[in-house]
Amino acid sequence: MFNKDNWDEILQALTANVFRTILTAFGVFWGIFILVILLAASKGLENGVKKGFDGIATNTMFMWSQTTSKAYKGLPKTRRFDFRNSDVPALKAALPDLLYVSPRNQLGDFNGTNNVVRGTKTSSFTIYGDYPELIKQQPMNIIKGRFINQQDINDKRKVAIIGKGVISELYGKEEEAIGSYVKINGINFMVVGIYNSKQQGGNAEQEQKNIFIPFTTFQQAFNYGDKVGWMAITAKDETSITDLKPKILELIKALHSVNPADDRAVGNFDLYEQFNKVQSLFNILKIIAYFVGTLVLISGVIGISNIMLIVVKERTKEIGIRRALGATPAAIRGQILSESIFLTIISGMFGIAFATGLIALLNMALDSMPPGSDTMFANPSVDLGVVFVALLILVGSGLLAGFIPAQTAINVKPVDALRTE
């Protein structure tokens, strides 16, 4: 490796026909370029999709009551039932692996009739009754004031946390929202916090138009009794909510006299299961990127091998002379393999450099986009480990490309090589 004469010979061999060398190297350049770009693109898409989950407790399921589809214990089918406050401590006591069991109630929506009034302004918003832990389950930033606390729950305080979308419709530019009052269905609530939703995409604007009030206050103010509309249930990190879901549904059915075989009575959405499906999709995309990039790289390696065979054929007489002067088969083999590896690594490194430059330009373009831009692509990048893997692939490819030509070279007898014109 450190023999100057060897390197002079390698460079002389590769520059003897520059155009042919460039065309040969382009196959490896293009293969490693495609591999890096595909991996970066799949990572960028993964980052963009996961950004939509930012701030969400993904180990969470949502559960709500529906109409029963089977009769049970003398109760008819097509029966409606509601969750109750007592279901929450029952779930926590039976399943200690649950981190949060958040009962929720909802009133109205942003497309419904006007339900919120402030002075002369009126509009329609979604009103939620919630517990303090919701902020750990749902993505939102409290940009001013605070969220619901346990004292609000205990004292049934008439306080509200409003979104930026609510402020834009009910307040003037210079008006201070904190400490002001909004009237929800005729009941005054003092604004104690302002939030900004982290959610992106089509529902981002809608998520800014919600109002959160204490769960206990909601039940009392709007005559809900001990009714619970639905629940957000989060498991501890070491336990999958998907594994706990059958036990949760079984307990809820038992508490409300629902047939254990009735799969339609309790609706649910398993966020953890959906998140894992998305993660599996990106793992498949990564495998496809490696597969396609490797195939393109192999085609380049085959091109190098073919050219090296031609080079060996052209240098048959030279090889015969070197053998006659005492060159060993290992020296001849090493020379051919060195030329092959050198050409493969140089062309591959150029491919990595060009791909890295393109990724850097793409990241600069994404960073220059205004905040809140709706994009499913974020921070395309390639791990340093992938670069090392690419280098190993290049070295292996160089050895593979040069092995057959090297064996061909040492199999030629010196006498036969000297006769070659």
Side-chain angles (χ1 to χ4, degrees), residues 54-63 83-93 95-96 98-108 115-116 118 125-167 170-171 175-199 207-237 241 271:
D54 187 27
I56 299 177
T58 53
N59 199 14
T60 298
M61 67 171 284
F62 303 95
M63 182 174 65
F83 297 149
R84 298 295 173 183
N85 290 347
S86 57
D87 295 340
V88 176
L91 284 170
K92 290 181 177 179
L95 300 167
L98 294 179
L99 182 61
Y100 304 120
V101 180
S102 302
R104 306 192 69 187
N105 276 321
Q106 178 179 340
L107 182 68
N115 56 2
V116 180
R118 182 179 178 272
F125 303 105
T126 307
I127 316 300
Y128 290 105
D130 280 303
Y131 271 78
E133 59 262 27
L134 178 77
I135 199 169
K136 299 177 182 178
Q137 298 173 288
Q138 183 169 313
M140 70 174 76
N141 289 321
I142 301 299
I143 57 178
K144 200 169 186 180
R146 63 175 178 84
F147 194 64
I148 298 165
N149 59 35
Q150 190 59 44
Q151 201 61 44
D152 296 330
I153 298 293
N154 296 339
D155 296 345
K156 300 181 181 178
R157 292 173 176 170
K158 293 183 175 65
V159 295
I161 292 83
I162 63 177
K164 291 179 66 177
V166 177
I167 291 178
L170 297 183
Y171 291 82
E175 287 188 282
E176 176 58 59
I178 299 295
S180 65
Y181 287 84
V182 293
K183 187 174 289 186
I184 303 173
N185 281 11
I187 300 172
N188 282 316
F189 287 80
M190 185 175 73
V191 176
V192 296
I194 302 170
Y195 79 90
N196 180 30
S197 175
K198 294 181 182 179
Q199 185 169 331
E207 290 298 318
Q208 309 288 358
K209 295 184 177 181
N210 298 331
I211 298 178
F212 297 91
I213 65 175
F215 181 82
T216 51
T217 309
F218 186 105
Q219 287 184 321
Q220 184 182 63
F222 305 125
N223 297 319
Y224 267 56
D226 68 341
K227 175 182 173 182
V228 175
W230 48 297
M231 297 186 196
I233 305 174
T234 302
K236 295 178 180 178
D237 291 341
I241 192 66
L271 183 60

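Values below: every heavy atom of this structure, side chains too, minus hydrogens, waters and symmetry copies.
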Residue pair Gln137 / Thr60, side-chain donor-acceptor N/O under 3.5 Å =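 Side chains of Gln137 and Thr60: no pair found under 3.5 Å.
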
Side chains of Gln138 and Asp130: do they bring a donor and an acceptor to under 3.5 Å?
->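 There is no such pair (donor and acceptor under 3.5 Å, judged by atom type) between the side chains of Gln138 and Asp130.
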
With rounding to the nearest 0.5 angstrom, report the [atom1] to [atom2] distance, [X] to [Y].
X	Y	atom1	atom2	value
Ile184	Arg118	CD1	CZ	13.5 Å
Ile233	Leu91	CD1	CG	5.5 Å
Asp237	Leu99	CG	CG	7.5 Å
Ile187	Lys158	CD1	NZ	6.5 Å
Ile148	Glu133	CD1	CD	10.0 Å
Phe222	Asn115	CZ	CG	8.5 Å

Which is it for Gln208 and Asn196 under the side chain to side chain contact (heavy atoms under 4.5 Å, CB included) test, yes or no, and what are the steps along the way?
-> CA-CA 6 Å; Gln208 309 288 358; Asn196 180 30; 3.0 Å; yes

For the side chain of [X] and the backbone of [Y], is there at least one donor-acceptor N/O pair under 3.5 Å apart?
X	Y	value
Lys156	Ala221	no
Asp226	Arg84	no
Asn85	Val228	no
Asn141	Ile143	no

Could you please spell out the steps behind the side chain to side chain contact (heavy atoms under 4.5 Å, CB included) verdict for Ile241 and Leu98?
-> CA-CA 8 Å; Ile241 192 66; Leu98 294 179; 4.0 Å; yes

Less than 4.5 Å apart, any side-chain heavy atom of [X] and any of [Y]?
X	Y	value
Pro103	Phe215	yes
Thr234	Lys136	no
Phe125	Leu170	yes
Ile153	Pro132	yes
Leu107	Asn105	no
Ile194	Ile178	yes
Ile161	Asn210	no
Ile127	Phe189	no

Minimum heavy-atom distance [X]-[Y], with the two atoms named:
X	Y	value
Asn149	Arg146	ND2-NH1, 3.2 Å
Lys227	Gln219	O-NE2, 2.8 Å
Ala177	Tyr171	CA-CE2, 3.7 Å

So with a 6.0 Å cut-off around CG of Asn154, is the heavy-atom count from everything else above 12?
->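 Yes, the 6.0 Å shell around CG holds more than 12 heavy atoms from other groups.
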
Measure the acute angle between the ring planes of Tyr128 and Trp230, then classify it against the limits of 30° and 60° as parallel, tilted or perpendicular.
->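 Tyr128 and Trp230: perpendicular rings.
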
Look at the rings of Phe218 and Tyr224 and say which category their plane angle falls in: under 30° parallel, 30 to 60° tilted, over 60° perpendicular.
->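 Perpendicular: the ring planes of Phe218 and Tyr224 meet at over 60°.
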
Would you say the ring centroid of Tyr195 lies under 6.0 angstrom from that of Phe147?
->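 Centroid separation for Tyr195 and Phe147: 6.0 Å or greater.
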
Residue pair Val182, Val191: steps toward the side chain to side chain contact (heavy atoms under 4.5 Å, CB included) verdict = CA-CA 7 Å; Val182 293; Val191 176; 4.2 Å; yes

Working for side chain to side chain contact (heavy atoms under 4.5 Å, CB included), residues Met231 and Arg104 = CA-CA 6 Å; Met231 297 186 196; Arg104 306 192 69 187; over 6 Å; no

